[in-house]
Number of protein chains: 2
Amino acid sequence: MLMGKLQENSKVYLEIVGKLKEIIGENQLKAGDRLPSERDLAEMLNAGRSSVREALRSLELLGLIETRRGEGTFISDFRNHRLVEILSGFILESDQAKQDVQETKELVEMMGIYSLVNRNTTVNVQDLMNQAEEDDSKLFESLMNMTGNFLLVKLWRIVSNFEQSLQLSKKKVGKQVYENLLKAINRGDWFQAMEIYSQSVRNEVEL
Amino acid sequence: MLMGKLQENSKVYLEIVGKLKEIIGENQLKAGDRLPSERDLAEMLNAGRSSVREALRSLELLGLIETRRGEGTFISDFRNHRLVEILSGFILESDQAKQDVQETKELVEMMGIYSLVNRNTTVNVQDLMNQAEEDDSKLFESLMNMTGNFLLVKLWRIVSNFEQSLQLSKKKVGKQVYENLLKAINRGDWFQAMEIYSQSVRNEVEL
DNA sequence: TCAGATTTGTCCGTATGTATA
DNA sequence: CTATACATACGGACAAATCTG
């Protein structure tokens, strides 16, 4: 029956989701690594194959794993979750949710900027400006990476993917703004950096 | 076999997820409304009950629907989706991101403070100080709630819970510090507010 | 209180498509 | 080509919870 705790209110497939999380963490499984087969998992966790499948499907929809018929189940890269399209289809009618997504992304970006200044990071202005030529997102992804805070990087990716799938209108930002922002970071002037971001990069959120 | 399109590479449960979205849309189903039973859905969509369950479970894990034994399956408030919790749970469990947890929590708190100032929020100093008496976390949870940004609140809860489970040592912060912080927020002086937080509340992070 | 119907929860058996050695 | 391993999918069976009359 697979009873994780004393009083188990949770359902078997939820317990399995938790177990899978532990398995991934303990074995340090990375993207591309293979999970045990459904039957092995069912035996390991003392549960039915259907319950295992329900757990695996749930995680597959989230984009955390990928199952290929005849091969097995594999950890996928968090960046590849097509979950956002599915979820955004459901929450599309909620303007509040959209607004939260955009605002959160902007807050995460501000966190990154603050973190960079706080660590006295010197950024390569020229390189980053070239990346901004292609796509504004590239610039911020690089900035997030430079913080060295992986959690922040992953949070940014999630929210950024979400924002793109929601097709929110984005403000057009001039090159000069970014250059000033980067220079402020290099000067260690976080007050100025935050001002620039807040006033020139952020999208206005009507209150 | 349920073939939605001509050549379908997609799996049955994914088609069912799509169909469910249509059913919800066409019938204008709102939070609390009941979906057809699993067996009815299986018959309607010409699929097996197991496949229907896989689809329903996936949506349940996301927090988009809720199933209750003996009753049925019901639409949830989409604002309560659990995307962030689930993804973050896996990210935190897997990566060595644990070292980033504390920093990220502090960044989230700073962004919350920034958001409050940015929205010209006036906080009730006395109430919040009382909450801080019990537990410092209470104070910040209330502050995050006041931002009105659901995602930010969720992020804070996740990171905060995880930080507690890591049993990190926390700095002891005096009452006067919090009072000054709250007053700075009410003055709209975010520079001062951030300085107070940064210097007196944050734990030093060795670089 | 009670009995019967409905619904989800869980597991199992079987058949099949696919990839690999 | 064969054999094995694996996911995909369906349907049956029974348990447990809930609802209805």
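Residue numbering restarts at 1 for every chain, and letters A, B, ... go by the order of the sequence lines. Keep in mind that this is a model prediction, so the values were computed, not measured.
- Residue pairs that meet the ring pair (Phe, Tyr, Trp, His ring centres under 6.0 Å) test with at least one member in residues 15-43 of chain B, sequence neighbours left out, do not exist here.
- For A:Y114, the ring pair (Phe, Tyr, Trp, His ring centres under 6.0 Å) partners are A:W190, not counting sequence neighbours.
- If you take CG of B:D40 and P of C:dT7, they are 6 Å apart, rounded to a whole angstrom.
- Counting to the nearest Å, the P atom of D:dG11 and the CD atom of B:E38 are 14 Å from each other.
- In the interface, the side chain of A:S50 is paired with the base of C:dC12 through a donor and an acceptor atom under 3.5 Å apart.
- Taking atom NZ of B:K11 as the reference point, atom P of D:dA9 lies 8 Å away to the nearest angstrom.
- Not counting sequence neighbours, the partners of B:E38 by the side chain to side chain donor-acceptor pair (under 3.5 Å) test are B:R49, B:R53.
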Nucleic acid footprint by protein, nucleotides 13-21 of chain D - heavy-atom cut-off 4.0 Å, B for base, S for sugar-phosphate alone: BB-BBBS--
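- Separating the CG atom of B:L45 from the P atom of D:dC10 is a distance of 11 Å, rounded to the nearest angstrom.
- When the side chain to side chain donor-acceptor pair (under 3.5 Å) test is applied to A:T67, the partners found at least two apart in sequence or on another chain are A:E60, B:K11.
- Considering only side-chain N and O atoms, A:S51 lies under 4.0 angstrom from the phosphate OP1 or OP2 of C:dC11.
- A side-chain donor from one of A:N149 and B:T104 sits under 3.5 Å from a side-chain acceptor of the other.
- Rounded to an integer number of Å, the gap from CZ of B:R53 to C1' of D:dG11 is 14 Å.
- In terms of position on DNA chain C, the residue among B:R57 and B:R34 whose nearest nucleotide sits closer to the 5' end is B:R34.
- In this structure, CG of B:L41 is placed 13 Å from P of D:dC10, rounded to the nearest angstrom.
- Note: CG (B:N46) to C1' (D:dA9) measures 12 Å, nearest angstrom.
- Atom C1' of nucleotide D:dC6 and atom CD of A:E66 are separated by 15 Å, given to the nearest angstrom.
- Within the 4.0 Å cut-off from OP1 or OP2 of D:dA7, at least one side-chain nitrogen or oxygen of A:T73 is found.
- For A:A47, the listed nucleotide lying nearest its side chain is C:dC11; candidates were C:dC11, D:dC10, D:dT8.
- Donor-acceptor pairing under 3.5 Å is lacking for the side chains of A:E141 and A:W156.
- Residue pairs meeting the ring pair (Phe, Tyr, Trp, His ring centres under 6.0 Å) criterion with at least one member in residues 30-64 of chain A: none, sequence neighbours excluded.
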